[in-house]
Amino acid sequence: MKPTQSDPTVQPVPASVVAAVDAADTTLSNPRWAVIALGANLGNRLENLQGALDALADTPGLRVKAVSPVYETEPWGVEPGSQPSYLNAVALLRTTLPPSSLLERAQAVEEAFLRVRDERWGARTLDVDIISYADVVSDDPVLTLPHPRAHQRAFVLAPWHDLDAEARLPGRGPVAGLLAEVGDAGLTPRPDLELRLPE
């Protein structure tokens, strides 16, 4: 049976992305570090996060090098109790993809998990955000780097700090200091849940 175009799990990859990925695979001598935040508050939240990691790891020119502990968090930017709580984690990547291609891949992974973009800060099956890419600072409206609200979000800062206590958010300073400023209210460690590093 041939999949229809309306099937969100079967999206054609733009030729530009294929070309960028192919080019990246021939230049593995210069990979960059990127930080990705993962979140889900609909469906099987842990499976969605693991599926995102596995899908990212299947991307040519990208390797998932570390994944943080899982946190359960209150939804951000909405009325308390109006949405289910999130599971959140952070992953460190080494990639030869340029930021624009990494963004396209992140959005394709979201779409494969039926992510719906009806409202800002709406409930979602999966959220894949690029937090930082090397030391790039850019105010491009398509992809602002680093993520413009990362310094305010304990659900990004705490798991990132778990992975790298010396981490710095470009243009903002040490993650440890940013986390101390925002605090960890509404953030619950979930040591009973674990994400595995893709093979």
Side-chain angles (χ1 to χ4, degrees), residues 13-14 16-39 49 52-71 73 76-77 86 88-110 115 120-121 126-184 187 195 197-198:
V13 178
S16 61
V17 175
V18 173
V21 168
D22 289 346
D25 259 0
T26 63
T27 57
L28 285 170
S29 59
N30 190 29
R32 304 295 183 91
W33 283 104
V35 179
I36 301 284
L38 304 170
L49 298 188
L53 284 173
D54 293 342
L56 288 168
D58 283 342
T59 307
L62 187 158
R63 299 289 177 267
V64 180
K65 303 299 286 185
V67 61
S68 75
V70 176
Y71 284 82
T73 64
W76 201 85
Y86 275 83
N88 289 99
V90 163
L92 301 183
L93 313 178
R94 290 285 276 169
T95 185
T96 55
L97 297 179
S100 58
S101 296
L102 185 58
L103 176 64
E104 289 187 45
R105 179 58 175 160
Q107 291 176 340
V109 171
E110 289 178 340
R115 161 73 184 270
R120 191 178 195 194
W121 297 320
L126 183 63
D127 197 16
V128 181
D129 281 337
I130 301 172
I131 301 303
S132 67
Y133 180 99
D135 293 320
V136 174
V137 176
S138 165
D139 59 3
D140 184 331
V142 176
L143 177 58
T144 303
L145 289 169
H147 190 287
R149 290 173 294 281
H151 66 287
Q152 303 168 329
R153 295 179 168 180
F155 62 82
V156 171
L157 299 171
W160 187 4
H161 184 260
D162 289 341
L163 282 180
D164 181 3
E166 305 300 316
R168 297 179 66 85
L169 184 64
R172 294 285 181 178
V175 168
L178 297 171
L179 180 58
E181 284 179 30
V182 301
D184 58 3
L187 204 61
L195 293 168
L197 211 52

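Taking both residues in full, the closest heavy atoms of Ala91 and Val64 are given as CB-CG1, 4.4 Å, listed atom of the first, atom of the second, then distance. Between Ala89 and Leu195, the closest heavy-atom pair is CB-CD1, 3.6 Å. Pro198 and Asp54 get closest at one heavy-atom pair: CG-OD1, 3.7 Å. What you find for Val128 and Ala106 is that their closest heavy atoms are CG1-CB, 3.6 Å. The shortest non-hydrogen separation linking Ile131 to Ala150 is CG2-CB, 3.8 Å.
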Quick one: side chains of residues 134-147, donor-acceptor pairs under 3.5 Å with protein atoms, not counting sequence neighbours, listed by atom name and distance.
{"unit_1": "Ser138", "atom_1": "OG", "unit_2": "Asp140", "atom_2": "N", "d": "3.2"}
{"unit_1": "Asp140", "atom_1": "OD1", "unit_2": "Val142", "atom_2": "N", "d": "2.8"}
{"unit_1": "Thr144", "atom_1": "OG1", "unit_2": "Asp140", "atom_2": "O", "d": "3.0"}
{"unit_1": "His147", "atom_1": "ND1", "unit_2": "Arg149", "atom_2": "N", "d": "3.1"}

Identify every side-chain donor-acceptor pair in residues 155-181 under 3.5 Å, counting partners at least two apart or on other chains, and give the distances.
{"unit_1": "Asp162", "atom_1": "OD2", "unit_2": "Tyr71", "atom_2": "OH", "d": "2.6"}
{"unit_1": "Asp164", "atom_1": "OD1", "unit_2": "Glu166", "atom_2": "N", "d": "3.0"}
{"unit_1": "Asp164", "atom_1": "OD1", "unit_2": "Ala167", "atom_2": "N", "d": "3.4"}

Query raised in the report: What's the verdict on side chain to side chain contact (heavy atoms under 4.5 Å, CB included) for Asp129 and Arg153, showing C-alpha distance, side-chain angles and the deciding distance?
Result: CA-CA 12 Å; Asp129 281 337; Arg153 295 179 168 180; 4.2 Å; yes
**Report entry** Criterion side chain to side chain contact (heavy atoms under 4.5 Å, CB included) on Arg105 and Leu56, from CA distance to verdict
**Finding:** CA-CA 8 Å; Arg105 179 58 175 160; Leu56 288 168; 4.3 Å; yes
Query - Stepwise side chain to side chain contact (heavy atoms under 4.5 Å, CB included) check, Leu38 with Asp127 - result: CA-CA 6 Å; Leu38 304 170; Asp127 197 16; over 6 Å; no
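Note: Leu92 CG to Leu197 CG = 10.0 Å, rounded to the nearest 0.5 Å. Taking CD1 of Ile130 as the start and CD of Gln107 as the end, the distance is 8.0 Å to the nearest 0.5 Å. Here the straight-line distance linking atom CG of Leu49 with atom CG of Leu126 works out to 6.5 Å at 0.5 Å rounding. The OH atom of Tyr133 lies 10.5 Å from the CG atom of Leu93; values are rounded to the nearest 0.5 Å.
Legend: residues meeting side chain to side chain donor-acceptor pair (under 3.5 Å) with Thr73, ordered by chain and number and at least two apart, are Asn88.
Using a distance-only test at 3.5 Å, with no hydrogens or angles considered, a donor-acceptor pair links the side chain of Thr95 to the main chain of Gly61.
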